[in-house]
Number of protein chains: 2
Amino acid sequence: MRYRISELAEKCSVNKETIRYYERVGLLSKPSRTNAGYRIYPEETVHRMQFIKRMQDLGFSLAEIDKLLGVVDKDNERCMDMYDFLNQKVDEVQKKISDFKRIERMLINLKECCPDEKSLYECPIIDILMNEEKNSKM
Amino acid sequence: MRYRISELAEKCSVNKETIRYYERVGLLSKPSRTNAGYRIYPEETVHRMQFIKRMQDLGFSLAEIDKLLGVVDKDNERCMDMYDFLNQKVDEVQKKISDFKRIERMLINLKECCPDEKSLYECPIIDILMNEEKNSKM
DNA sequence: CTTTACCCTGTACTATGGTACAGGGTTTAT
DNA sequence: ATAAACCCTGTACCATAGTACAGGGTAAAG
């Protein structure tokens with residue numbers, strides 16, 4: 001399956017302009033073109049876009065994603081010091097997982113304080129939260 | 001303990017300008033002032049700043065953090081529809097936790113492909129990755 | 001064969017989250 | 001009593017990650 005830019009955009013739930021933007025900044029390589037100069041993308045680009053979106057959703061910057069894609073592209077330059085980069089990212093990810101678990105508990109606790117399942121007028125738990133912040137080392 | 005702006009900034013590892021910026025956008029309430037107009041912060045603001053930083057690190061926007069702080073501030077307006085907001089955030093957080101776990105495995109796998117603990121020249125796992133992307137529903 | 005729906009490039013604009021002065025007053029250490 | 005180190009407001013600027021035209025060419029459906 002080959003895609004025109006708007007088909008790719010649709011399939012990946014992004015804006016066409018975003019695809020052109022990613023090309024400009026180097027996240028997507030220059031695609032082949034029709035005679036008239038229309039961009040044509042292979043199926044692979046769909047997966048690449050989905051990978052980018054997923055990583056971005058998790059808070060990775062486009063620069064970090066680009067670095068990781070250096071592996072996919074077997075690009076020597078971007079693969080330099082990949083080990084250290086990966087180590088750092090693994091640490092960050094592990095910290096985030098544990099922070100997210102704390103936040104999950106906090107949100108669930110807060111939720112249980114909403115009296116009519118609508119708003120929230122008072123919550124004794126929030127003081128505990130702030131105290132937790134106080135006692136945890138950043 | 002009461003803090004001047006630069007003491008607070010130091011203690012929270014942020015820029016003074018950031019503190020003033022947070023005040024401007026309403027994340028921090030207007031602090032008390034000395035006769036000369038210098039801002040003076042109570043200990044509480046340190047915890048509030050740490051909470052903001054932690055949430056921001058996890059990818060929450062300042063607007064979302066502000067919404068959550070509505071609970072701390074017992075602010076009726078921001079507490080409106082808090083239940084739905086919390087429900088949505090809990091879902092998002094749970095999705096992120098599971099995504100992060102996948103990414104963690106991916107990063108560790110990639111790391112093991114770095115031959116000399118420096119760079120990374122080839123990794124058969126990356127194809128698996130892209131295939132994983134292919135077969136997973138977003 | 002023309003209208004509508006695409007596509008192109010290039011440039012400008014947007015939102016978010018800050019950061020950096022400029023110009024001027026205050027506090028503190030010497 | 002004066003320099004260094006701090007504070008103030010206001011405005012301008014920055015990076016990131018897009019988004020929105022303008023002006024002009026192409027493709028396909030009626």
Side-chain angles (χ1 to χ4, degrees), chain A residues 1-42 45 48-69 78 89 92 96 138, chain B residues 1-42 45-46 48-69 78 89 92 138:
Chain A
M1 187 52 181
R2 329 209 84 216
Y3 302 89
R4 281 190 174 188
I5 194 167
S6 62
E7 293 165 338
L8 180 66
E10 167 105 5
K11 183 123 190 187
C12 300
S13 312
V14 298
N15 204 307
K16 281 181 295 183
E17 314 290 341
T18 302
I19 294 170
R20 286 196 272 252
Y21 172 69
Y22 284 178
E23 182 182 329
R24 251 193 298 136
V25 300
L27 269 177
L28 297 178
S29 54
K30 292 182 192 305
S32 52
R33 302 279 186 134
T34 66
N35 285 343
Y38 289 19
R39 289 171 179 80
I40 294 293
Y41 297 94
T45 309
R48 193 177 174 102
M49 281 298 296
Q50 286 168 349
F51 178 74
I52 293 170
K53 273 193 77 180
R54 189 185 293 276
M55 295 305 282
Q56 203 181 19
D57 238 55
L58 295 178
F60 288 80
S61 70
L62 295 186
E64 289 168 330
I65 297 167
D66 184 56
K67 172 88 182 169
L68 280 173
L69 286 171
R78 278 176 291 162
K89 292 304 146 193
E92 285 173 22
K96 287 204 180 178
M138 304 294 284
Chain B
M1 187 53 183
R2 331 209 81 219
Y3 302 89
R4 282 191 172 183
I5 194 167
S6 61
E7 292 165 340
L8 179 66
E10 166 106 6
K11 183 125 188 185
C12 300
S13 311
V14 299
N15 203 307
K16 279 181 295 182
E17 313 289 341
T18 301
I19 294 170
R20 286 196 274 252
Y21 172 70
Y22 285 177
E23 182 182 329
R24 252 193 297 137
V25 300
L27 269 177
L28 297 178
S29 54
K30 291 181 193 305
S32 51
R33 302 278 187 135
T34 65
N35 285 343
Y38 289 20
R39 289 171 179 80
I40 294 293
Y41 297 95
T45 308
V46 176
R48 193 178 175 101
M49 281 298 297
Q50 285 168 350
F51 178 75
I52 294 169
K53 274 193 75 179
R54 190 184 292 274
M55 295 304 282
Q56 203 181 20
D57 238 54
L58 294 178
F60 288 80
S61 69
L62 296 185
E64 289 169 329
I65 297 167
D66 183 56
K67 172 90 182 168
L68 280 173
L69 286 171
R78 279 176 291 162
K89 291 305 146 194
E92 285 173 21
M138 304 294 285

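Legend: residues meeting salt bridge (Lys or Arg N to Asp or Glu O under 4.0 Å) with A/Arg39, ordered by chain and number and at least two apart, are A/Glu23. Shown here are the side chain to side chain donor-acceptor pair (under 3.5 Å) partners of A/Lys67, two or more places apart in sequence or in another chain: there are none.
Put simply, CZ on B/Arg39 is 16 Å from P on C/dT26, counting in whole angstrom units. Look at CD1 on A/Ile40: it is 9 Å from P on C/dC7, rounded to the nearest Å.
Sorted by residue number, the members of residues 8-20 of chain A with any non-hydrogen atom under 4.0 Å from DNA chain C read A/Lys16, A/Arg20. Using a 4.0 Å cutoff on non-hydrogen atoms, the parts of residues 57-67 of chain B near DNA chain C are B/Ser61, B/Leu62, ordered by number. Contact check of residues 24-36 of chain A against DNA chain D (heavy atom, cut-off under 4.0 Å) returns A/Arg24, A/Ala36.
Looking at A/Asn15 and A/Tyr21, their side chains never come closer than 4.5 Å, going by heavy atoms from C-beta outward.
Among residues at least two apart or in separate chains, side chain to side chain donor-acceptor pair (under 3.5 Å) pairs with a member in residues 2-14 of chain A are A/Tyr3-A/Lys11, A/Tyr3-A/Glu43. Applying the side chain to side chain donor-acceptor pair (under 3.5 Å) test to every pair with at least one member in residues 24-37 of chain B, sequence neighbours left out, gives no pairs at all.
The structure places CZ of B/Arg48 at 6.0 Å from CG of B/Leu28, a figure rounded to the nearest 0.5 Å. Between the CG atom in B/Leu68 and the CZ atom in B/Arg78 there is a gap of 10.0 Å [rounded to 0.5 Å]. Note that OG1 of A/Thr45 is 6.5 Å distant from CG of A/Leu8, once rounded to the nearest 0.5 Å. To the nearest 0.5 angstrom, A/Ile65 atom CD1 is 12.0 Å from A/Lys53 atom NZ. In this structure, A/Cys12 SG and A/Ile52 CD1 are separated by 9.0 Å, a value rounded to the nearest 0.5 Å.
For B/Gln56, no side-chain nitrogen or oxygen approaches OP1 or OP2 of C/dT16 to under 4.0 Å. Within the structure, every side-chain polar atom (N or O) of B/Tyr22 is placed at least 4.0 Å from both OP1 and OP2 of C/dG17.
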Between side-chain atoms of residues 56-63 of chain B and protein atoms elsewhere (two or more places apart, or another chain), which donor-acceptor pairs fall under 3.5 Å?
from	atom 1	to	atom 2	distance (Å)
B/Gln56	OE1	B/Tyr22	OH	3.4
B/Ser61	OG	B/Ala63	N	3.4
B/Ser61	OG	B/Glu64	N	3.2

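Taking 4.0 Å as the cutoff to heavy atoms of chain B, we find the contact window on DNA chain D bounded by D/dC6 to D/dT9.
Taking every heavy atom of both residues into account, A/Pro31 and A/Ile40 meet most closely at CB-O, 3.6 Å. Listed here is the closest heavy atom pair of A/Asp66 and A/Gly26: OD1-O, 3.7 Å.
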